[in-house]
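Remember, it's 1-based here, ligands and their atoms both numbered in the order they're listed.
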Amino acid sequence: MPLAAGENSQNLSTQSTAKAPLLGASLAELTAWVEASGQPAYRGRQLYQWIYQKGARHLREITVFPKQWREELADFPIGRSTIHHRSVAPDETIKYLLKLADNQIIETVGIPTADRLTVCVSSQVGCPMACDFCATGKGGFIRNLEKHEIIDQVLTVQEDFKRRVSHIVFMGMGEPLLNADNVIAAIKSLNQDVGIGQRSITLSTVGIPNRIRRLAEHQLQVTLAVSLHASNQKLRQKLIPSAEGYTLENLLAECREYVKLTKRRLTFEYVLLAGLNDLPEHAEELAKHLRGFQSHVNLIPYNPIQEVDYQRPNPKSIQAFVSALKQRGIAVSVRYSRGLEADAACGQLRANHI
Ligand SMILES: C[S@@+](CC[C@H](N)C(=O)[O-])C[C@H]1O[C@@H](n2cnc3c(N)ncnc32)[C@H](O)[C@@H]1O
Ligand code: SF4
């Protein structure tokens, strides 16, 4: 059984007592909503364009609507966050702290290059997985994000950069497969309503039993990135406490099924921690696991966080790890976090502000 995608679940009400945000609703749902409010159907398309293309934050901004109706709708929520804090790095990467309707704070990052604007989105407020090297994991879990709160992050970056977002990575706070219904529904809306190609979206997961298999059944065109970080179960369990109930063997078996079902190549992420998982024997062990796997390894040199004292490997060890994998026929690249060195690690900016 695939996970329910949350489609058509936008329980829109015209009553002031039950105000489900409009963001995340389809054209058909918005049209039904305007009609239920006593307006002609064509206003549904106008509303749709103002929400998704013009990025309207309040219904009162929608000047094509009759003045009286706008006044009646003045405090009806579209579902947009506010920018609580904004850090701009020398390379123009911008890290945002966004404040949600219940005053919770999440991190979102906008990463510009000449030909793309990528948004790193959060899927949860905090994260229950408690990975030892992750500032978000150290801060505990508060709640899942709603579909509109995920879409809002993309619209916020688009508005702030005054440029279309081209790519999305679910690599901010939280474990997306623990919030799969909202994440899948948001991906579908970002694709259909905001116009971002599914192939330009990457979902990163640390792995939750059976959920990679169930994700495959949705046949999305997104890239799946699996956070491996270790070449054996003992080491993985040390870094990722939740791995205790999900062996490396089982995780890789599910990944193989994913590739078979979707015919899509997987990415494996591997945070490099000096002296811990970056030695030649680790590269050799990792290569053995991934031999013949339709995959690509993305090495992420550790970004220091204040809560633990792991070290980032020096460039020579990183290069040696890359060469050891390449020699064994494994496709590999290194990802250096852009900008904001002091707060580069996911969740670090938020942790410093709270
Ligand atoms: C923050 S997680 C969010 C997605 C998902 N929960 C996961 O773990 O794949 C995205 C990626 O950032 C990595 N990451 C977390 N803390 C890091 C750190 N201090 N340095 C480098 N990478 C880190 C994770 O291992 C993961 O591969
Ligand atoms: S690395 Fe991912 S799964 Fe682990 S604590 Fe951080 S956000 Fe959660």
Could you see which bit of P128 sits under 4.0 Å from ligand 2, with heavy atoms only: side chain, backbone, both or neither?
neither
Give the contacting part of S227 toward ligand 1: side chain, backbone, both or neither, where contact means a heavy-atom distance below 4.0 Å.
side chain
Check ligand 1 against I300 and write out every atom of the ligand that is under 4.0 Å from a heavy-atom position of the residue.
21 (C), 22 (N), 27 (O)
Distance-only side-chain donor-acceptor flag, H85 / S87, under 3.5 Å
yes
Below 4.0 angstrom from a heavy atom of E175, which ligand 1 atoms are there? Numbered from 1 as shown, please.
5 (C), 6 (N)
Of the listed options (G172, C127, C131), which comes nearest to atom 3 (C) of ligand 1 when hydrogens are ignored and any heavy atom counts?
G172
Can an N, O or S atom be found in C127 less than 2.8 Å away from atom 6 (Fe) of ligand 2?
no
Provide the number and element of each atom of ligand 1 under 4.0 Å from a heavy atom of V206.
7 (C), 8 (O), 9 (O)
Option of least heavy-atom distance to atom 1 (S) of ligand 2 (set: S123, P176, C134, P241)
C134
Considering H229, E107, K138 one by one, which has a heavy atom nearer to atom 24 (C) of ligand 1 than any of the others?
H229
Heavy-atom distances under 4.0 Å are what count here, so tell me which part of N303 touches ligand 1: side chain, backbone, both or neither.
both
Using distance alone, decide if ligand 1 has a nitrogen or oxygen within less than 3.5 Å of any nitrogen or oxygen in G174.
yes
Return a yes/no value for R335: is any of its N or O atoms, backbone included, closer than 3.5 angstrom to an N or O of ligand 1?
no
Is it true that T136 lies under 4.0 Å from ligand 1, counting heavy atoms only?
no
Kindly indicate, with the supporting measurements, whether the criterion ring-ring contact (aromatic ring centres under 6.0 Å, His included) is fulfilled by W69 and F76.
CA-CA 11 Å; W69 192 40; F76 201 100; 9.6 Å; no
